[in-house]
Chemist: 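What follows is a structure written as structure tokens; I'll ask about it next.
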Amino acid sequence: MTSAQGVPFLKGHGTENDFVIIPDPDGTLDLSPEAVARLCDRRAGIGGDGLLRVVRSAAHPEARAMAAEAEWFMDYRNGDGSIAEMCGNGVRVFARYLEHAGLVEPGDFAVATRAGVRTLHLAKDGGDVTVGMGKAEVPEDSESEVTVGVDGADGRTWSARRIGMGNPHAVAFVEDLADAGKLYEAPDVTPVSAFPDGVNVEFVVDRGPRHVAMRVHERGAGETRSCGTGACAVMVATARRDGARPGRDGLPATYTVDVPGGRLVITERADGEIEMTGPAVIVAEGRIDSSLLP
């Protein structure tokens, strides 16, 4: 992939959660954590909340077992270079890139991720992307709650609900989104043993019937304009608070989740599967100087 002309890249976002996209179909690039962090740097690099490497599943050791179900693997990295299991906005942008590059057509197809195979639907004419996010992991009530606190909150803490969406989340309901402060640093979560690999923390307020708004601190990225898996976790936590349990009751539930960068619509189907619908946009493409990717 490297050449005298540099390495191709694209830039895209889903509800302003933005990503550097690196096409590497044959898996020839060795992207170190340092290189990823450099590319995601908003001053010294291209800038992004994370990086999406586009690799054929058959060419990546973590995805070969999924190659029969999904031709393409989303090798997702956080903005600090660390590896993440899943990114809901990222997988929609990943799907938009595949369409942009002529690798898929509008309609239904599958993408492999570290959290498993995800099914997607691309609307025609650049419309919204819907992704099947799998089932939420909701611990039993006795194990579901943790406590979160943030700098600048005058010692206040909030009870938060643990939700797994292929990656870990802690969802806290607050009176005002400003209560979360600047979110420059990761919130304190106790007990620490609940999330040994770190956690995404969402702060949520009600906006109306089945309509909420959120802010999020993403592990490895800081506060972001949106988080797809976080919006799904928020929907599930809110539904449980409201007494809705689609997987048990057989009644689907749909919530609108506003994020600083836009709006997502999340449905928990009667079988417990989560679907997320929202925009995905490619905004630029070019080439990276090869010196940034030794």
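The figures here come from the full heavy-atom set of this structure, side chains too, leaving out hydrogens, waters and symmetry mates. Residue numbers count from 1 along this sequence.
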Chemist: Do E275 and T130 meet the criterion of a side-chain donor-acceptor pair at a distance under 3.5 Å?
Modeler: no
Chemist: Do R114 and D75 have side-chain heavy atoms sitting under 4.5 Å apart?
Modeler: yes
Chemist: Is any side-chain heavy atom of I21 closer than 4.5 Å to one of I282?
Modeler: yes
Chemist: Do R77 and I83 have side chains that approach each other closer than 4.5 Å (heavy atoms only, starting at C-beta)?
Modeler: yes
Chemist: Checking the side chain of R64 only, and the main-chain atoms of A58 only, is there a donor and an acceptor separated by less than 3.5 Å?
Modeler: yes
Chemist: What I'd like to find out is whether the side chain of P191 reaches to under 4.5 Å of the side chain of V146, using heavy atoms alone.
Modeler: yes
Chemist: Is it true that, when you exclude E185 itself, more than 12 heavy atoms of the residues, nucleotides or ligands shown sit nearer than 6.0 Å to its CD?
Modeler: no
Chemist: Nearest 0.5 Å please: distance from the CZ atom of F173 over to the CD atom of E202.
Modeler: 10.5 Å
Chemist: Is there a side-chain contact (heavy atoms from CB on, under 4.5 Å) between V111 and L98? Walk through the geometry before answering.
Modeler: CA-CA 10 Å; V111 167; L98 294 178; 4.2 Å; yes
Chemist: Consider side-chain hydrogen bond (donor to acceptor under 3.5 Å, both in side chains). Of N17, D18, T229, which one does N89 pass it with?
Modeler: N17
Chemist: Does a side-chain N-to-carboxylate-O contact under 4.0 Å join R219 and E85?
Modeler: yes
Chemist: When you measure from the side chain of R92 to the backbone N and O of A280, does any donor-acceptor pair fall under 3.5 Å?
Modeler: no
Chemist: Could you check F195 against V201 for side-chain contact (heavy atoms from CB on, under 4.5 Å), going step by step and ending with a plain yes or no?
Modeler: CA-CA 11 Å; F195 300 106; V201 181; over 6 Å; no
Chemist: Should V171 and V199 be counted in the same cluster of Ile, Leu, Val, Met, Phe, Trp and Tyr side chains packed under 4.5 Å apart?
Modeler: no
Chemist: Step by step, would you call F9 with L39 a side-chain contact (heavy atoms from CB on, under 4.5 Å)?
Modeler: CA-CA 10 Å; F9 81 94; L39 292 175; over 6 Å; no
Chemist: Are the side chain of S226 and the backbone N or O of G261 linked by a donor-acceptor pair below 3.5 Å?
Modeler: no
Chemist: For residues P8 and E285, determine if any side-chain heavy atom of one lies less than 4.5 Å from a side-chain heavy atom of the other.
Modeler: no
Chemist: Using the side-chain hydrogen bond (donor to acceptor under 3.5 Å, both in side chains) rule, take H211 and D258 through it: C-alpha gap first, then chi angles, then the decisive distance, then the call.
Modeler: CA-CA 8 Å; H211 183 186; D258 290 343; 2.8 Å; yes
Chemist: State whether the side chain of K11 and the backbone N or O of G48 hold a donor-acceptor pair below 3.5 Å, judged by distance alone.
Modeler: no
Chemist: If you apply the rule side-chain contact (heavy atoms from CB on, under 4.5 Å), what do you find for R245 with E268, and how did you get there?
Modeler: CA-CA 9 Å; R245 288 172 170 76; E268 186 174 6; over 6 Å; no
Chemist: Taking all non-hydrogen atoms of both residues, which atom of N200 and which atom of E218 are closest, and how far apart?
Modeler: OD1-CA, 3.3 Å
Chemist: Classify the side-chain pair Y76/N167 by whether it contains a donor and acceptor separated by less than 3.5 Å.
Modeler: no
Chemist: Over all heavy atoms of both residues, which pair between A213 and R207 is shortest? Give the atoms and the distance, please.
Modeler: CB-NE, 3.6 Å
Chemist: Between the side chain of R56 and the main-chain N/O of H60, is any donor-acceptor distance below 3.5 Å?
Modeler: no
Chemist: Would a single hydrophobic cluster contain both V55 and L120, if residues Ile, Leu, Val, Met, Phe, Trp and Tyr are joined by side-chain heavy-atom contacts under 4.5 Å?
Modeler: no
Chemist: State whether the side chain of D271 and the backbone N or O of E273 hold a donor-acceptor pair below 3.5 Å, judged by distance alone.
Modeler: yes
Chemist: Are F94 and V281 connected in a single hydrophobic cluster, I mean Ile/Leu/Val/Met/Phe/Trp/Tyr linked by side-chain heavy atoms less than 4.5 Å apart?
Modeler: no
Chemist: Can you tell me if R269 uses its side chain to pair, donor with acceptor, with the backbone of P252 under 3.5 Å?
Modeler: no
Chemist: May I ask whether L183 and L177 are part of the same hydrophobic cluster, defined by side-chain heavy atoms of I, L, V, M, F, W, Y residues being less than 4.5 angstrom apart, directly or through others?
Modeler: yes
Chemist: Does a side-chain heavy-atom distance below 4.5 Å link D108 with T119?
Modeler: no
Chemist: Under 3.5 Å, is there a donor-acceptor pair linking the side chains of S82 and D80?
Modeler: yes
Chemist: Is the shortest side-chain heavy-atom distance between M235 and M276 below 4.5 Å?
Modeler: no
Chemist: When you check the gap from the basic side-chain N to the acidic O, do R96 and D128 get nearer than 4.0 Å?
Modeler: no
Chemist: Can you find a heavy atom in the side chain of F19 that is under 4.5 Å from one in the side chain of C40?
Modeler: no
Chemist: Hydrophobic clusters here meaning ILVMFWY residues chained together by side-chain heavy-atom distances under 4.5 Å, can you tell me if V174 and V257 are in one?
Modeler: no
